[in-house]
Protein chains: 2
Amino acid sequence: MSRSPSQDLDEHADALPRQQRTYSIGELARMFEVTPRTIRFYEQEGLLAPSRQGQKRIYREKDRVRLKLTLRGKRLGFSLAEIREVVMMYDAMPDGNARQLKRLLEILEEKRANLDRQMEDIRLMRLEIDDVDQRARDVLRQLGETS
Amino acid sequence: MSRSPSQDLDEHADALPRQQRTYSIGELARMFEVTPRTIRFYEQEGLLAPSRQGQKRIYREKDRVRLKLTLRGKRLGFSLAEIREVVMMYDAMPDGNARQLKRLLEILEEKRANLDRQMEDIRLMRLEIDDVDQRARDVLRQLGETS
DNA sequence: GACGAGGTTTACGTTAACGTAAAGTGCTTG
DNA sequence: CAAGCACTTTACGTTAACGTAAACCTCGTC
């Protein structure tokens, strides 16, 4: 871990309204501490769809948000396929038919249940870690006393 | 999702004190809804070390707990290597020297920070999901009114 | 006009975490 | 004793998520 990512904070508040700012692939990569390769891969997997100016990819605010959500999902252990599933349905929503929308609601409910389970897992994991921590400190103290 | 795992609940409270119960690989596999292959793989990766009776693996309470922790770690997106790191240091604790113990405390602190970040990620993710959910319901309602 | 910094495509390589198949062992049950 | 079931080892296959390398464009600049 070298430098923490700047994420979405404009470091030195730039003048232009964030909404029309654009980013190069390199900029985005530095922002989120990933490689350009990763970003291109996400595009190939249908998670991003930047516009082009000639050959070059142009990323807008929407793309940046998507990337942020994608990486967050990854940190939570979701596969790119799962992430795409939600992201794409979200986009298809406005003109989605009732069946699709209900299916979306189902998926969302699954995700929520998943998150709840993860919350519980984290809670339990913390207890374990605190326990191990305590034991380690105890042993350390013992060592200190008998040395 | 076929049948939810029984985890550590003794389904029909058996008489023998849980501490000396033993399990076959198949039993454990069914308990946690994984394949025997997975369990053997975890052993090969140094996460489990069941005793043998002839050729057959005999799992005790300790092994079952380890497997449970391992799978919980996996659900949280940890790699087997990361999980092993903590589990093995935990075992090496009693006779660990001060340097090792301090190193362990460092690792634990990292893990804790990691869990905190995940908590935050989950919180944010829930907000997103709730938002998408709300929009979907709105669209559905619109459809209902105009049909 | 050479060149360095960024970008591009194409394509093969790599790692983790298992899946899957083959071939053998050992018990117990009809 | 044959059949079946649960276990074993060995070994090759597979998938996701990128890494890495080669070969090319394009722009500002020295």
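Chain naming here is simple, since letters A, B, ... match the order of the sequence lines and numbering starts at 1 in each. What you see below is based on every heavy atom in this structure, not just the backbone, and it leaves out hydrogens, waters and symmetry mates.
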For B/Q44, look at atom CD and say whether over 12 heavy atoms of other residues, nucleotides or ligands are found less than 6.0 Å away.
-> yes

Path from A/Y23 to A/F32 over hydrophobic side-chain contacts below 4.5 Å | yes

Can you check whether A/L80's main-chain N or O pairs, donor with acceptor, with A/E45's side chain at less than 3.5 Å?
-> no

Write down the distance between CD (A/E43) and P (C/dG7), rounded to a whole number of angstrom.
-> 14 Å

Mind calculating the distance between CD (A/Q55) and P (C/dT10) to the nearest angstrom?
-> 10 Å

Electrostatic pair A/E43-A/R52, nearest N-O below 4.0 angstrom = yes

Atom CD of A/Q53 to atom P of C/dG7: distance rounded to whole Å?
-> 12 Å

Intra- and interstrand pairs of DNA chain C - dot-bracket, Watson-Crick/G-U under 3.5 Å, | marks other strand | ||||||||||||||||||||||||||||||

Give the B/S/- string for nucleotides 17-23 of chain D, one per nucleotide from 5' to 3', where a protein heavy atom under 4.0 Å of the base yields B, of only the sugar-phosphate yields S, and otherwise -.
-> BBBB---

In terms of side-chain geometry, is the basic nitrogen of A/R117 or A/E120 positioned less than 4.0 Å from the acidic oxygen of its partner?
-> no

Inspect the contact between A/R141 and A/E145 and indicate whether a charged nitrogen and a carboxylate oxygen are less than 4.0 angstrom apart.
-> yes

Does the pair B/E128/A/K68 count as a salt bridge with the N-to-O cut at 4.0 Å?
-> no

Result block: side-chain N/O donor-acceptor pairs under 3.5 angstrom for residues 129-136 of chain A, not counting sequence neighbours:
| unit_1 | atom_1 | unit_2 | atom_2 | d |
| --- | --- | --- | --- | --- |
| A/D130 | OD1 | B/R112 | NH1 | 2.6 |
| A/D131 | OD2 | A/R135 | NE | 3.3 |
| A/D133 | OD1 | A/R137 | NE | 2.5 |
| A/D133 | OD1 | A/R137 | NH2 | 3.4 |
| A/D133 | OD2 | B/R112 | NH2 | 2.8 |
| A/Q134 | NE2 | A/D138 | OD1 | 3.3 |

How many Å lie between CZ on A/R40 and P on C/dT10, as a whole number?
-> 12 Å

Grab the CG-C1' distance between B/L47 and C/dA16 for me, whole Å please.
-> 13 Å

Given C/dG6, is OP1 or OP2 found less than 4.0 Å from the side-chain N or O atoms of A/S24?
-> no

Provide, to the nearest angstrom, the distance between the CD1 atom belonging to B/I58 and the C1' atom belonging to D/dT8.
-> 13 Å

Grab the CD-C1' distance between B/Q44 and D/dC12 for me, whole Å please.
-> 14 Å

Judged by atom type as modelled, is there a donor-acceptor pair below 3.5 Å linking the side chain of A/R64 to the main-chain atoms of A/L28?
-> no

What's the CZ-P distance between B/R52 and C/dG26, to the nearest Å?
-> 14 Å

